[in-house]
Amino acid sequence: MSTASPAARAGDVYAIHAVAAPDADGLTFTAVASAVLAALWAAYGLALGKLHLPLPAAVFFVQWPLLLGAWAAGAPAIVVGWALLVTAVVDGAIALWGKGLGVRVTAGIGLAVMGSAALLVGLGESLTAGGPLGALLPGTLLLTAAVAALAGAWRTPDGYAQVGGAVAGLAAVAAVGGVLRAAVPGTWQVPVYLLCGLALLFVVRVRLPRSAGRGVLLAAGAVVAGALVWALPPVAAVLLGPVQLVAEVWAGAPDGFRGALGASMPWSEMVAAPVVLAVVAGGLGAAFRWWPALVRVAAPLITPGAKVRGAAGAGALGLGWGTLLLAAATLDVPYPVAVALETVLVAGLLAVAVRGADRGAGGAGSAEGAGPGGGIGAAVRVSALVGAVGGAVSMGLLSLASEAATYAVFGALALLFTGAALRTRAVVEQAVLAVAAVVWGTVLTGCAARSLGLAPHEAAPLLLVVPAVTVGLGARLRRHPVALPVELTGALGALVAVGLAVGRAPFLALVLALCGVLAAGAAVRPERRPVAGYLAAVLFVAATWVRLAASEVSVPEAYTLPVTVPALVVGVLRRRKDPGASSWTAYGPGLAATLLPSLAVAWTDPDWLRPLLLGVAALVITLLGAKYRLQALLLLGGAVLALDTLHELAPYVVQVAGALPRWLPPALAGLLLLAVGATYEQRLRDARRLKDVLGRMR
């Protein structure tokens with residue numbers, strides 16, 4: 001018998017068609033020829049079992065007779081789908097019981113291709129059906145495919161069984177959901193598929209192989225995830241829609257909730273979205289509540305751990321919150337009702353977060369949640385806390401439509417978050433809640449400034465009220481872990497105040513001086529002194545400079561020297577009383593008060609007298625620092641001397657550089673690099689020695 005390849009045989013068939021039957025329909029002839037070739041190759045391979053090519057070739061030709069025959073007959077799409085499905089079933093049988101790796105691999109590829117095509121045809125026909133009766137035939141095709149996939153999953157290894165179970169589950173949902181979908185309005189089609197997907201969860205009560213059952217559960221999860229992907233974008237629109245109110249603060253409260261959200265979503269088409277969220281949230285909540293029973297029922301297929309329970313509880317909480325918000329938007333409740341609803345939701349989330357923080361870790365249940373009365377769980381607690389903060393932000397934005405609503409909302413938020421921070425004992429949650437309360441308080445002061453009609457620079461001093469409160473609160477909390485986050489948040493409010501005052505120098509000087517007072521107040525406490533003390537000095541000096549600049553003072557020394565002299569006297573007395581005190585603490589503020597403003601004026605002074613006097617003073621200070629080993633004097637005087645010298649010599653350096661040949665500077669730079677490289681180890685030792693010397697200075 002000839003050992004020609006399948007391609008050669010196909011060429012022979014084409015030649016026969018071209019010579020012996022040129023008038024025959026091409027598709028029909030190809031379908032018949034494929035069947036004949038499949039039979040011949042199968043007989044050939046079975047007769048000569050040692051050959052590896054004939055049987056895979058037979059499997060290849062088996063793919064075409066039914067498909068091409070249905071195509072040639074002009075059959076409707078559903079018949080083509082049945083042809084594809086039957087071919088896929090044949091491929092599955094060959095993949096299960098065929099002999100040889102080549103045969104099974106070829107059949108597996110055919111099963112994947114033909115089965116996928118059959119499912120796509122059935123799904124397309126189901127989605128385009130005009131009514132329930134029209135969806136019955138595609139549904140029957142999809143349901144048959146589901147039964148075939150499940151039957152195959154029953155007999156295949158674990159990995160393939162799981163894929164088969166997932167395909168069976170999805171096909172069953174498409175079959176039943178397609179019929180029900182055609183009987184309901186368009187907006188309710190997603191909930192129909194969701195309910196069909198949830199029905200797959202009852203597979204835990206059926207005796208299926210473990211891998212196949214897991215595949216069906218994966219299909220249920222995929223359907224639920226798809227429904228959530230459809231339903232969650234409107235929730236994001238509800239949360240982020242009020243951002244548009246920032247551009248029109250206090251323009252007037254709209255009549256309905258949607259008026260504050262903009263027209264970004266087709267709300268009339270989202271009526272079913274809250275139902276989807278409510279169904280999923282209810283399922284997750286039930287799983288969280290009756291977890292032990294669920295674990296016992298699902299034990300034959302899966303063994304979920306405590307983390308899964310925590311995720312279920314967190315998901316139920318988040319989706320339930322989103323359900324209420326989205327329902328309010330789809331119903332277009334009045335604006336005051338929407339504001340009140342969001343306030344209640346934030347309060348509820350805070351209650352859950354506080355209860356979970358107090359009872360979650362180390363409670364009667366595990367940290368991931370026990371039964372009622374046990375711990376709520378870390379995941380639920382975090383979800384509630386994040387939801388409370390996010391909801392508060394959205395709620396605050398929503399309130400910007402009305403002045404009264406703004407004060408009511410941010411006042412309520414400040415009280416709610418402060419109360420929650422006082423109620424909880426968990427450090428992280430307490431810090432987050434306290435920081436949020438400070439932020440809401442800062443916003444309230446800004447609203448008060450707007451109500452008073454103050455310009456931004458005029459409102460800046462008012463914004464320092466909250467930082468002043470945080471400084472006092474920090475003094476009371478002292479070394480409590482929450483004290484630092486609260487004070488840092490207040491400092492950010494002070495930074496905002498400084499930014500608002502930048503446009504007006506007199507107000508900027510006032511704000512800087514007030515910030516210096518607050519920093520000095522914090523520096524009274526030993527644990528804040530190392531940072532707050534230096535910060536207070538810098539702020540006071542900066543306030544002085546800004547005030548001098550605002551007053552167009554050309555001789556700053558007349559104002560700075562009266563401050564420098566007593567400051568240095570105080571520094572000397574401090575060093576006598578405490579020889580171990582740093583020179584930066586004793587002399588740094590006093591010297592900086594005069595040297596730095598003078599340096600700034602000297603750089604713009606065309607005369608030579610001030611730079612000369614400043615250079616002499618800086619040289620003396622540098623020498624005193626070197627003699628008495630005072631780091632502040634050495635570094636501060638040396639830096640001012642170097643910058644002053646650079647300013648004075650810069651014009652001459654530029655002239656000399658312009659007179660030199662262009663190649664000379666690069667050549668000198670190269671020689672310098674060469675010299676440094678040749679003495680690298682020595683330079684490194686010198687640098688380390690200099691560092692040690694400076695480190696030993698006070």
Side-chain angles (χ1 to χ4, degrees), residues 239-240 242-243 245-246 314 317-318 320-322 324-325 338-360 376 378-400 402 404-448 462-477 480-496:
L239 293 174
L240 300 178
V243 172
L245 298 176
V246 176
L317 185 66
W321 170 52
L324 295 175
L325 286 179
V339 173
L341 174 64
E342 291 208 28
T343 305
V344 172
L345 290 177
V346 170
L349 290 171
L350 288 174
V352 174
V354 170
R355 180 173 178 266
D358 292 342
R359 305 180 62 183
I376 288 182
V380 178
R381 184 173 72 247
V382 172
S383 176
L385 186 61
V386 172
V389 175
V393 173
S394 177
M395 173 181 162
L397 293 172
L398 181 65
S399 71
L400 295 179
S402 167
T406 301
Y407 281 105
V409 164
F410 280 103
L413 287 176
L415 292 176
L416 286 172
F417 277 81
T418 301
L422 294 174
R423 172 66 179 80
T424 185
R425 294 188 300 272
V427 174
V428 175
E429 284 78 3
Q430 195 175 46
V432 173
L433 294 170
V435 165
V438 173
V439 172
W440 310 142
T442 304
V443 174
L444 271 178
T445 57
C447 294
L462 184 60
L463 288 181
L464 296 178
V465 171
V466 174
V469 173
T470 59
V471 170
L473 186 60
R476 182 172 180 80
L477 294 174
H480 192 283
V482 177
L484 181 59
V486 168
E487 291 180 84
L488 289 178
T489 308
L492 289 178
L495 188 62
V496 172

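Heavy-atom minimum distance, Ala379 versus Ala314: O-CB, 3.6 Å. Here the shortest heavy-atom pairing between Trp440 and Ala392 reads CZ2-CB, 3.6 Å. Heavy-atom minimum distance, Leu239 versus Pro242: O-CD, 3.6 Å. The minimum heavy-atom distance linking Ser399 with Phe410 is given by the pair OG-CE1, 3.7 Å. Between Val486 and Leu473, the closest heavy-atom pair is CG1-CD2, 3.9 Å. Across all their heavy atoms, Gly490 and Pro467 have their closest contact at O-CG, 3.2 Å.
Taking CG from Leu325 and CD from Glu342, the interatomic distance works out to 5.0 Å, rounded to the nearest 0.5 Å. Note that CE of Met395 is 7.0 Å distant from CG of Leu416, once rounded to the nearest 0.5 Å. One distance of note links SG of Cys447 with CG of Leu400; it measures 7.0 Å at 0.5 Å rounding. The distance from atom CZ of Arg423 to atom CD of Glu429, rounded to the nearest 0.5 Å, is 12.5 Å. The distance from atom CG of Leu484 to atom CG of Leu477, rounded to the nearest 0.5 Å, is 11.0 Å. From Trp321, atom CH2 reaches atom CG of Leu345 across 8.5 Å, with rounding to the nearest 0.5 Å.
Two residues are said to be in side-chain contact when any heavy atoms from C-beta on lie closer than 4.5 Å; Val469 and Val438 fail this criterion. Residues Thr489 and Thr470 form no side-chain contact, since every pair of their non-hydrogen atoms from C-beta on lies 4.5 Å or further apart. When side chains are defined from C-beta on, Leu433 counts as touching Leu350, because their heavy atoms get closer than 4.5 Å. A heavy-atom distance below 4.5 Å is found between the side chains of Leu397 and Val243.
A distance-only check finds no donor-acceptor pair linking the side chain of Ser383 to the backbone of Val380 [under 3.5 Å]. No donor-acceptor pair closer than 3.5 Å links the side chain of Thr418 to the backbone N or O of Leu415. Between the side chain of Thr445 and the backbone N or O of Thr442 there is at least one donor-acceptor pair closer than 3.5 Å.
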